[in-house]
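Structure, as structure tokens:
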There are 2 protein chains.
Amino acid sequence: MKGDDRRELILEAATEVFGDYGYVGTTTAVVAKAAGVSQPYVVRIFGTKQQLFIEVLRRALDILLAAFRAALATDNGQPAGPRIGVAYVDLASQRGLLLSLMHGFVLGKDPVIGAVARDGFLCVYEFLRTEAGFDADEAQQFLSGGMLINTLVGLRMTDDYDTDPRVRELMQAALPEKLDIVLALRESGL
Amino acid sequence: MKGDDRRELILEAATEVFGDYGYVGTTTAVVAKAAGVSQPYVVRIFGTKQQLFIEVLRRALDILLAAFRAALATDNGQPAGPRIGVAYVDLASQRGLLLSLMHGFVLGKDPVIGAVARDGFLCVYEFLRTEAGFDADEAQQFLSGGMLINTLVGLRMTDDYDTDPRVRELMQAALPEKLDIVLALRESGL
DNA sequence: GTCTATATGCGGATAGAC
DNA sequence: GTCTATCCGCATATAGAC
């Protein structure tokens, strides 16, 4: 297999693992096993675990913004806000993607990772304000809802959807009209 | 010094350190140094690092709910929503408290920590719905705003408040009328 | 391009003294 | 109640073969 293909394969595997265990909690050995390669090879390609995580964050952001731009371009009858909102919830089907970002967001203290995470977050904000045409308050509300969704995904709240009425109520309020997608996650092994 | 005093001292120190470096990224040695005791002593008192983190989470939640109840009881002219909201932002002055919770929220995958974190989050939701009298949608909006604030704190966005106009705009939208408090954090060493 | 073998450092936990 | 000394396992990274 060519280098670039392996690289992308490892990035996908790493996104899942980092999402599950966080930056520090993830070992390059587990990433390697998930990608079907040897541990030293992961290090060989990305240099360090830190660099691998940074590339995971950058890739996640690229995918996120690409999905937003696609949703923005697809003009059905809906206004821009709901269209992008639905696109965001759709991304929850790649759990690791949102969770890896979230793990980055709580590491602002780290000089290297923190800088990347801040930059990524602000890129999204800038997209909302300029490309999507949100005003400051709309952007804030959109991001707020997004952070709640991320938190609920991080908490694995979907596990308790059936058994806990509070969970059901909260998720119905937090996920306007896209609940089914998130619930589908449970089926596919969460 | 008596055992219980030392215990609380260590919990305070641990709250700060866990907030900065997360659960896995925190070492008992750093907690010990921050509390001014020896590393084995920390383990001795709490049994394991995991148990220590769980007690940090529980304590953080207790403080959070106590602050909310106090704000609810203090009847100035304001309605309940803004009163509790201000109480929440006030808690940001204890950065580690909100951040430790946030680090717990992204570890839902962990069988032990995840269960504690879910339970804690739902306790807050239940408080909002029953004691504070929020309806489902109000509770969702309150929690959304809270998660955005936590994320901005985790990202250390306050560092860029002066230099980046996007940060200023976003924080002004996210922090209705309590911006000054959060900014005061920067002074005190963030 | 990909592996095996391994050096090295660090962190949680234990033993046991005072 | 609190410490010092230390064991043991694990994770990143390197060396080097194929």
Side-chain angles (χ1 to χ4, degrees), chain A residues 1-57 96 100 103-104 106-107 109-114 116, chain B residues 1-57 96 100 103-104 106-107 109-114 116:
Chain A
M1 186 179 285
K2 273 229 311 280
D4 277 0
D5 292 344
R6 278 266 186 254
R7 198 188 167 82
E8 173 63 18
L9 206 68
I10 294 172
L11 279 175
E12 285 172 23
T15 299
E16 279 305 302
V17 180
F18 278 125
D20 278 346
Y21 304 104
Y23 170 59
V24 189
T26 291
T27 70
T28 54
V30 172
V31 171
K33 174 165 264 187
V37 298
S38 70
Q39 179 267 329
Y41 188 53
V42 172
V43 176
R44 175 76 130 219
I45 290 185
F46 295 93
T48 64
K49 181 172 99 164
Q50 185 181 68
Q51 198 55 39
L52 170 60
F53 186 57
I54 287 172
E55 298 214 25
V56 163
L57 292 182
S100 288
H103 280 288
V106 287
L107 290 182
K109 166 107 178 168
D110 184 287
V112 180
I113 295 173
V116 174
Chain B
M1 186 179 287
K2 271 226 313 277
D4 277 1
D5 291 345
R6 277 265 185 254
R7 198 188 166 81
E8 172 64 17
L9 206 68
I10 295 173
L11 279 175
E12 284 172 24
T15 299
E16 279 305 302
V17 181
F18 278 124
D20 278 347
Y21 303 105
Y23 169 59
V24 188
T26 291
T27 70
T28 53
V30 171
V31 171
K33 175 165 262 187
V37 299
S38 71
Q39 179 266 329
Y41 188 53
V42 172
V43 177
R44 176 76 129 214
I45 289 185
F46 295 93
T48 63
K49 182 173 100 164
Q50 185 181 67
Q51 199 53 41
L52 170 61
F53 185 57
I54 287 172
E55 298 214 24
V56 164
L57 292 182
S100 289
H103 279 288
V106 289
L107 291 183
K109 164 106 177 168
D110 184 286
V112 180
I113 295 173
V116 174

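Order of the sequence lines fixes the chain letters, A, B, ..., with proteins taken first and strands second; residue numbering starts at 1 for each chain. As a basis for the values below, the full set of heavy atoms in this structure was taken, side chains included, without hydrogen atoms, waters or symmetry mates. These figures come from a predicted structure and were not determined experimentally.
- Annotation: ring-ring contact (aromatic ring centres under 6.0 Å, His included) contacts involving residues 30-54 of chain B, sequence neighbours excluded, comprise B:Phe18-B:Phe53, B:Tyr23-B:Phe53.
- Taken residue by residue, residues 45-56 of chain A places heavy atoms nearer than 4.0 Å to DNA chain D at A:Thr48, A:Lys49.
- Applying the salt bridge (Lys or Arg N to Asp or Glu O under 4.0 Å) rule to pairs touching residues 35-56 of chain A yields A:Arg7-A:Glu55, sequence neighbours excluded.
- A:Ile113 CD1 to A:Leu57 CG: the interatomic distance, rounded to the nearest 0.5 Å, is 7.5 Å.
- Side-chain atoms of A:Leu107 and B:His103, non-hydrogen and from C-beta on, do get closer than 4.5 Å to each other.
- A:Arg6 comes within 4.0 angstrom of the backbone, heavy atoms only, and of no base.
- At a non-hydrogen distance threshold of 4.0 Å, A:Val37, A:Ser38, A:Pro40, A:Tyr41 from residues 31-41 of chain A come into contact with DNA chain C.
- For A:Thr15, the side-chain contact (heavy atoms from CB on, under 4.5 Å) partners two or more places apart in sequence, or in a different chain, are A:Val56, A:Arg59, A:Leu97, A:Ser100.
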Can I get a per-line list of side-chain donor-acceptor pairs under 3.5 Å for residues 26-33 of chain A, giving both atom names and the distance, sequence neighbours left out?
from: A:Thr26; atom 1: OG1; to: A:Val17; atom 2: O; distance (Å): 3.4
from: A:Thr26; atom 1: OG1; to: A:Gly22; atom 2: O; distance (Å): 2.6
from: A:Thr27; atom 1: OG1; to: A:Val30; atom 2: N; distance (Å): 3.1
from: A:Thr28; atom 1: OG1; to: A:Gln39; atom 2: NE2; distance (Å): 3.1

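- Of all the heavy atoms in A:Asp110 and A:Val112, the pair that sits closest is OD1-N, 2.9 Å.
- In this structure, A:Ile54 CD1 and A:Thr48 OG1 are separated by 7.0 Å, a value rounded to the nearest 0.5 Å.
- Along DNA chain C, read 5' to 3', the first and last nucleotides having any atom under 4.0 Å from a heavy atom of chain B are C:dG11 to C:dG16.
- Mapping A:Arg44 and A:Thr26 onto DNA chain D via the closest heavy atom, the residue that lands nearer the 5' end is A:Thr26.
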